[in-house]
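Notes follow once the structure below has been shown.
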2 protein chains.
Amino acid sequence: MEEIANLLKKIAPEMAHVVEQRFEILKNIYYNQPIGRRALSAIMSLSERSLRTEVKRLEELGLLEIEPKGMRVSREGEAVINCLENFVYFMKGLNFIADRIKERFGCEEVIIAPGDSDVDETVKNLMGKEAASYLRSFLKNGDIVAVTGGTTMAQVPKGMPKLEGFEDVVVVAARGGLGEKVEIQANTIAAELAERLGARYRLLYVPDNLGPEAMESITSEPRIREVLSLIKNADVVIHGIGRAEEMARRRGLDESIIEEILKKGAVAEAFGYYFDSEGRVVFTTTSAGLSIADLKNVRKVISVAGGAKKAPAIRAFLKYHCPTALITDEGAARKLIELEGGNPDE
Amino acid sequence: MEEIANLLKKIAPEMAHVVEQRFEILKNIYYNQPIGRRALSAIMSLSERSLRTEVKRLEELGLLEIEPKGMRVSREGEAVINCLENFVYFMKGLNFIADRIKERFGCEEVIIAPGDSDVDETVKNLMGKEAASYLRSFLKNGDIVAVTGGTTMAQVPKGMPKLEGFEDVVVVAARGGLGEKVEIQANTIAAELAERLGARYRLLYVPDNLGPEAMESITSEPRIREVLSLIKNADVVIHGIGRAEEMARRRGLDESIIEEILKKGAVAEAFGYYFDSEGRVVFTTTSAGLSIADLKNVRKVISVAGGAKKAPAIRAFLKYHCPTALITDEGAARKLIELEGGNPDE
DNA sequence: TAACATAGGGACAAAAAATATCCCGGGAGG
DNA sequence: CCTCCCGGGATATTTTTTGTCCCTATGTTA
């Protein structure tokens, strides 16, 4: 397949754009159906008119159904979306970019979803799907899986089909820490993922930023201790990476502390740790859960994060610790190569 | 590969067309280089201007070199031609057409070269190559191979690489019959094919249309008898199919006889036999060699014929006897489906 | 050497296609 | 009932493609 994609790019590079765009349109409709032209043209940055001509084509090709309620992708269109994803991957040269990231940072696996989640929310679905299918590829019954929160992480359980045979898997939140919307909290994600896997789950309720005494008293609770011990023995960790400032705000840190963190050059956050652009830990929230030093002992670490804006954060984290697998998107991946002084397009 | 071609046709058929056209252009330049725009636009039925834009693109893509002497395909262009050929096959849906022909006429194998040899002489090369590679796939040392003449058949030895290990193969002309240009006579082709295979060959010099007495005296010659016995025991027959009128003229039949043959509805000729559109034998030239009744006993029969104009002739022959393999081209294959009341494009 | 054929490429008008903009009637939901 | 969004038609404008004609360079032949 890769050869054919390269061949086609050689003889008709325009085709890449056309195919990518149509794929993008189809995908966006799929995730928002039924949707109208105007709404869609707003989501994608495309003039309504040019979207209309494309849509008309897609309808003629039978990939799309246009109803008074809006547009929906046809049965055939769905099939095309699924098949096309891999093809678009090669068409965009993402395999090449993935290889370069692998080589540069030493990851075992790098998976890049086409698109940029900064621009197109649906790309997060793809990342979730990829993370889920990667997890599935090696997960054994009896494993302990720790997960963190975040909007991207929230897509991981959604991308996982209902499975059986994982009754002895335990999914657990990697860190305490609330203060976020419930649907993107680690605990929620852990529960959802467990449900998909047919596995068990354990929740961890430890607020961020407790004082030392309060922390001690909470972590001495037997139920909490039990969960913490699970976390320490996690076989798999799936986690998001955030931009330092954004995460600090979302976690409700004091403005003075935020200022201090940023002054120290923090650009990335993961597990409640803040990293500067060289991958050094510059600040730690006092919360219970997975300690970053434990990462080395974890069998599989899966980092999931995308969006061009997050590229510096991803880069910082990769410099600190190279995960087993990085699941990202095209926007972040291209930017990452740029930050490393390369040109994504060869 | 087939899936990708179908996918591409589904989501961007215009692009598929562009790829086909560029491939066609590249191929035509390759077989005629160095060639100018005007000459090329005459060969292909394309306006000079539109060819010019395409050519410019191909040059920008580095597949083509434009020199004062004319255009030539670059080294990379050659690679693209080679790799793309199979892909174009699926893109044009030729596999689908081939399957339909197989099913309709019961052939074991149908191979379709892209293009139409009526329009583009170079397509005959492709047919020759396909025939050669098919022959190679099953030929055993010790086999007897009988061949006929014709312009298309002449491409079969040219498409055969020099081989070893076929020292005990004997290639022989299937029918006597001269009156053609030497380079497309069965004897010439037999000799050439034998040379490529590293095999032996035997020639057959029996003119067409001898009187009964002359025929008898010739066929009683020991050397002739020996060749005839080889032919009767042929393991493989590779033969062309011609249009009845054209062949009758080329063989130098009397005008009155030609008229009579055509009156009987003859449309096809093979081995010196003439068939009407229903596949009935309506006339036989009196010549020595393979009798058409012997076809049934031949292990492998390979029919090689192409060009939209020949479709009725091919159809007639297929109705008489379904060969093991039919090697034809796109023009003939599409027309064949049409004649059978189908639509080549589904 | 001069005439000739064929090469690529420039220029420009005509045609076609893509694009922007606006508006209309219709159905769903408040 | 009104309002909002839906698809789709109509039209003017811009951009791209296509058709035509001519020019000059280069290599070949008489």
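Residue numbers start from 1 in every chain, and the chains themselves are labelled A, B, ... in the order their sequence lines are given, proteins ahead of strands.
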In whole angstroms, the gap separating C1' of C:dG9 from CG of B:Leu64 amounts to 15 Å
- Ion pair present between A:Arg100 and A:Glu340, side-chain N to carboxylate O less than 4.0 angstrom? no
Could A:Arg334 and A:Glu330 be called an ion pair, given the rule that one side-chain N must be under 4.0 Å from one carboxylate O?
yes
Original post:
Thinking salt bridges, do B:Lys158 and B:Glu192 make one under a 4.0 Å N-O criterion?
Top reply: yes
Atom NZ of A:Lys56 and atom C1' of D:dG9 are separated, to the nearest Å, by 10 Å
To the nearest angstrom, the CD1-C1' distance between A:Ile43 and D:dC5 comes to 14 Å
Produce the list of close N/O pairs, under 3.5 Å, pairing protein atoms with atoms of nucleotides 19-26 of chain C; give distances to one decimal.
unit_1 : atom_1 : unit_2  : atom_2 : d
C:dA20 : OP2    : A:Ser47 : OG     : 2.4

| query | What's the verdict on side chain to side chain contact (heavy atoms under 4.5 Å, CB included) for A:Met247 and A:Arg243, showing C-alpha distance, side-chain angles and the deciding distance? | reply | CA-CA 6 Å; A:Met247 291 308 288; A:Arg243 296 195 300 144; 5.8 Å; no
Rounded to whole Å, the CZ-C1' distance (B:Arg57 to C:dG9) equals 17 Å
**Prompt:** So what does B:Leu46 hit on the nucleic acid, given a heavy-atom distance under 4.0 Å: a base, only sugar-phosphate, or nothing?
**Reply:** nothing
_Over all strands shown, is B:Leu51 touching base, sugar-phosphate only, or nothing at heavy-atom distances under 4.0 angstrom?_
nothing
Ionic contact status for A:Lys27 with A:Glu85, cut-off 4.0 Å: no
So the salt bridge (Lys or Arg N to Asp or Glu O under 4.0 Å) pairs with at least one residue in residues 28-45 of chain A (sequence neighbours excluded) are A:Arg37-A:Glu48, A:Arg38-A:Glu48
### Query
What's the verdict on side chain to side chain contact (heavy atoms under 4.5 Å, CB included) for A:Lys310 and A:Thr152, showing C-alpha distance, side-chain angles and the deciding distance?
CA-CA 12 Å; A:Lys310 261 192 194 166; A:Thr152 311; 4.2 Å; yes
So, with a heavy-atom separation below 4.0 Å from DNA chain D, the residues of residues 69-77 of chain A are A:Lys69, A:Gly70, A:Met71
Worksheet item: Does a side-chain N-to-carboxylate-O contact under 4.0 Å join B:Lys9 and B:Glu20?
Response: no
